[in-house]
Amino acid sequence: MRHLEAPWPTRIALLLSTTVLLAGGASAQLPPGLTGAKPAASPVPTPAPASEPAPEPADSPRASARSFIELAARKGDFEGAARYLQLPAAEEASRGPELARRLRAVLERHLDIDLDAVSPLPEGSPQDGLPPGVDKVGEVPNGRGGQDPVFVVRSRDAAGTHWAFSRQTVSRVDGWYDALPDRWVRDWMPEQLQLYGPAGLMWWQWLALPALLVLSLALGRVLGVFTAAVLHRVVRRTPTEWDERLLKRISPVLSLLWAVAAAAVLLPWLALLPDASRAVRSLLGGTVTIAVFWALWRSVDVWAQFLMERPWAADNPSARSLLSVTRNLAKLFVGIGGVVATLAAFGSPVATVLAGLGIGGLALAFGAQKTIENLFGSIALAADQPFRVGDFVKVEDFTGNVERIGMRSTQIRTLDRTLVSLPNGKLADMRIEDFASRDRIRFAATVGLVYGTSPAQVRRVIDGLEAMLRASPRIWPDTVVARLLALSPSSLEVEVLCWFQTNDFGEFRDLRQEALLGIMRIVEEAGTTFAYPTRTVHVVGPKAGKAPA
């Protein structure tokens with residue numbers, strides 16, 4: 001009996017037409033002390049029962065079982081419930097309530113009485129092969145590997161006709177009760193605390209659950225700290241550091257696992273009924289699953305950091321950026337796997353969950369196209385490596401440093417210190433200029449000399465510029481240009497072009513400054529000056545001896 005079910009509404013239909021064929025030769029097993037067997041009957045296909053239910057007779061086995069459950073389990077009225085036990089006259093007043101209480105405990109633990117399966121007919125079931133006035137409601141383990149039947153028989157007292165548990169059944173109640181694992185609780189626990197509250201738990205179990213939770217967490221904390229200390233002494237002797245980092249990250253998980261183990265050990269003391277015990281153990285199993293995937297989630301960060309510190313990745317920005325995206329994808333898969341495994345641990349069919357994920361994936365594909373586009377955009381960025389975290393880039397019409405490459409978007413810190421977030425799906429299609437990937441930086445300038453500069457002075461300026469540039473330790477020697485470019489309307493233009501071998505823009509600024517100062521010095525040493533935009537206007541007057549018109 002599962003928590004001794006609460007009374008159900010009257011809803012059982014009587015059979016309008018039932019044909020029973022008697023089969024000879026086979027006699028049914030009877031309880032000890034019962035005599036006279038009726039032949040076993042074989043049911044024949046009959047028309048469907050009537051659709052409208054008829055009232056349940058008060059003197060039917062089902063009505064009596066319902067009344068016993070209501071009185072014993074819900075109301076705790078064992079004196080009233082004793083009416084449904086066949087007792088010797090000498091024990092009716094003395095042991096009736098006690099036996100009713102014990103029978104309730106036995107049925108709760110071992111027998112789930114399905115009231116729908118109990119006969120609603122006043123004469124009992126005509127098809128069970130038992131004598132008239134005798135019905136079987138189930139079986140109870142006898143402690144010897146077998147099962148003892150539980151019978152109800154038709155009885156009569158001053159209140160009228162009813163059905164009661166047979167004397168043979170009542171005589172076994174004490175033996176069944178003595179074999180119960182929670183007998184010690186039921187013997188000394190006040191009866192009011194043994195009444196049932198929400199979720200089919202007794203009130204004393206509801207009071208004990210918070211205490212068990214607190215005790216389990218305390219034990220888990222102590223054992224987790226002790227385990228982490230022991231493991232720390234072990235991993236400290238290893239030459240690597242990743243195991244120490246991993247241990248530090250999963251220490252809370254160890255405490256949680258120990259707490260679950262302590263709760264599993266203490267759970268039998270609550271003496272939960274089978275259904276409630278299965279529910280709690282399912283909850284503990286789900287908690288273990290969550291703890292395992294929590295540990296995996298934290299381990300991803302440790303392994304990502306460990307790999308980024310490897311020589312092949314420490315000096316390779318592309319590898320580090322790819323590892324960052326891979327870490328995010330690994331966390332995503334761990335999260336999805338954790339959800340599926342947790343649902344399976346709580347009893348949800350995995351196939352149904354996976355099918356639901358498939359249907360959800362289709363809905364996601366239609367309803368979250370932009371999110372999926374950004375996810376694949378992040379994968380494309382990780383594979384192509386157009387830039388990395390920390391790079392100075394130009395995207396369309398703004399420039400800045402890449403601060404973060406996420407699963408959905410990339411954040412760029414602009415020169416104005418604002419933060420621009422670009423969806424990865426769009427960013428993968430944009431024109432991206434990565435300044436950090438340059439192996440050298442171009443320096444270009446045009447030096448304008450005044451028109452009063454002589455050719456010799458121009459040659460001294462050109463030779464001095466080329467010598468000054470080639471003397472720089474960071475110059476790229478293959479291309480150093482210092483040549484007269486053009487005779488412009490206001491100056492003699494000298495082209496200066498070279499590359500400095502650096503990808504650090506701050507260092508390039510210093511090199512550019514030294515080059516510009518060198519240009520000023522060389523022009524001054526050549527004895528000429530810089531030109532500035534001017535225009536000379538020649539005014540032609542009238543010829544001599546000729547008056548103006």
Handout entry: Separation of L449 CG from I462 CD1 (nearest 0.5 Å)
Key = 8.5 Å

Problem - Note, L332 side chain near I336 side chain (heavy atom, < 4.5 Å) - result: yes

Problem - Reported CZ-to-CZ distance for the pair R440 and R474, which is rounded to 0.5 angstrom - result: 13.0 Å

Exercise for the section: Please identify each residue that fulfils ring pair (Phe, Tyr, Trp, His ring centres under 6.0 Å) with F293, with sequence neighbours left out. Expected result: none

Exercise for the section: Return the set of residues passing side chain to side chain donor-acceptor pair (under 3.5 Å) with R459 (not counting sequence neighbours), or none when no residue passes. Expected result: none

Exercise for the section: Ignoring hydrogens and angles, tell me if any N or O in the side chain of D391 forms a donor-acceptor pair with the backbone of V393 under 3.5 Å. Expected result: no

Exercise for the section: Check whether any side-chain heavy atom of V225 sits under 4.5 Å from a side-chain heavy atom of R221, and report yes or no. Expected result: yes

Exercise for the section: Starting at NZ of K331, measure out to CZ of R327 and round the result to the nearest 0.5 Å. Expected result: 6.0 Å

Handout entry: From Q411 atom CD to R404 atom CZ, the distance as rounded to the nearest 0.5 Å
Key = 4.5 Å

Handout entry: Main-chain N/O of M468 paired to S472 side chain as donor or acceptor, under 3.5 Å
Key = no

Could you go through residues 248-268 and list every donor-acceptor pair under 3.5 Å that involves a side-chain atom there, pairing it with any protein atom two or more places apart or in another chain?
| residue | atom | partner | partner atom | Å |
| --- | --- | --- | --- | --- |
| R249 | NH2 | D301 | OD2 | 3.4 |
| S251 | OG | L247 | O | 2.7 |
| W258 | NE1 | T227 | OG1 | 2.9 |

Exercise for the section: Verify the distance criterion only: is there a donor paired with an acceptor across the side chains of N503 and S437 at less than 3.5 Å? Expected result: no

Show which side-chain atoms of residues 489-501 pair as donor or acceptor with protein atoms under 3.5 Å away, not counting sequence neighbours.
| residue | atom | partner | partner atom | Å |
| --- | --- | --- | --- | --- |
| S491 | OG | S488 | OG | 2.9 |
| Q501 | NE2 | I475 | O | 2.9 |

Problem - Point-to-point distance, once rounded to the nearest 0.5 Å, from CG of D463 to CD1 of I522 - result: 10.0 Å

Practice task
Assign the ring pair W303 / F306 to parallel, tilted or perpendicular, where the plane angle (0 to 90°) is split at 30° and 60°.
Solution key: perpendicular

Practice task
Indicate yes or no for a side-chain donor-acceptor contact from T342 to the backbone of G338 under 3.5 Å, with no hydrogens or angles considered.
Solution key: yes

Exercise for the section: Specify the closest pair of heavy atoms between W242 and V302, including all atoms of both residues, with the distance to one decimal. Expected result: O-CG1, 3.7 Å

Exercise for the section: Report yes if the side chains of F387 and L427 come closer than 4.5 Å at any heavy-atom pair, otherwise no. Expected result: yes

Fill in the blank from the handout: One should read off an interatomic distance between E524 CD and T529 OG1, to the nearest 0.5 angstrom, of 10.5 Å

Problem - L207 vs W203 side-chain heavy atoms within contact, under 4.5 Å - result: no

Problem - Check: A295 main-chain N/O paired with S299 side-chain donor or acceptor under 3.5 Å - result: yes

Fill in the blank from the handout: Heavy-atom nearest pair, A105 first then L180, reads CB-CD1, 3.8 Å

Exercise for the section: Check the surroundings of atom CZ in R470: do more than 12 heavy atoms from other residues, nucleotides or ligands lie under 6.0 Å from it? Expected result: yes

Handout entry: Pairs where residues 389-414 contributes a residue and the test ring-ring contact (aromatic ring centres under 6.0 Å, His included) is met, not counting sequence neighbours
Key = F392-F435

Handout entry: T528: partners by side chain to side chain donor-acceptor pair (under 3.5 Å), with sequence neighbours left out
Key = T453

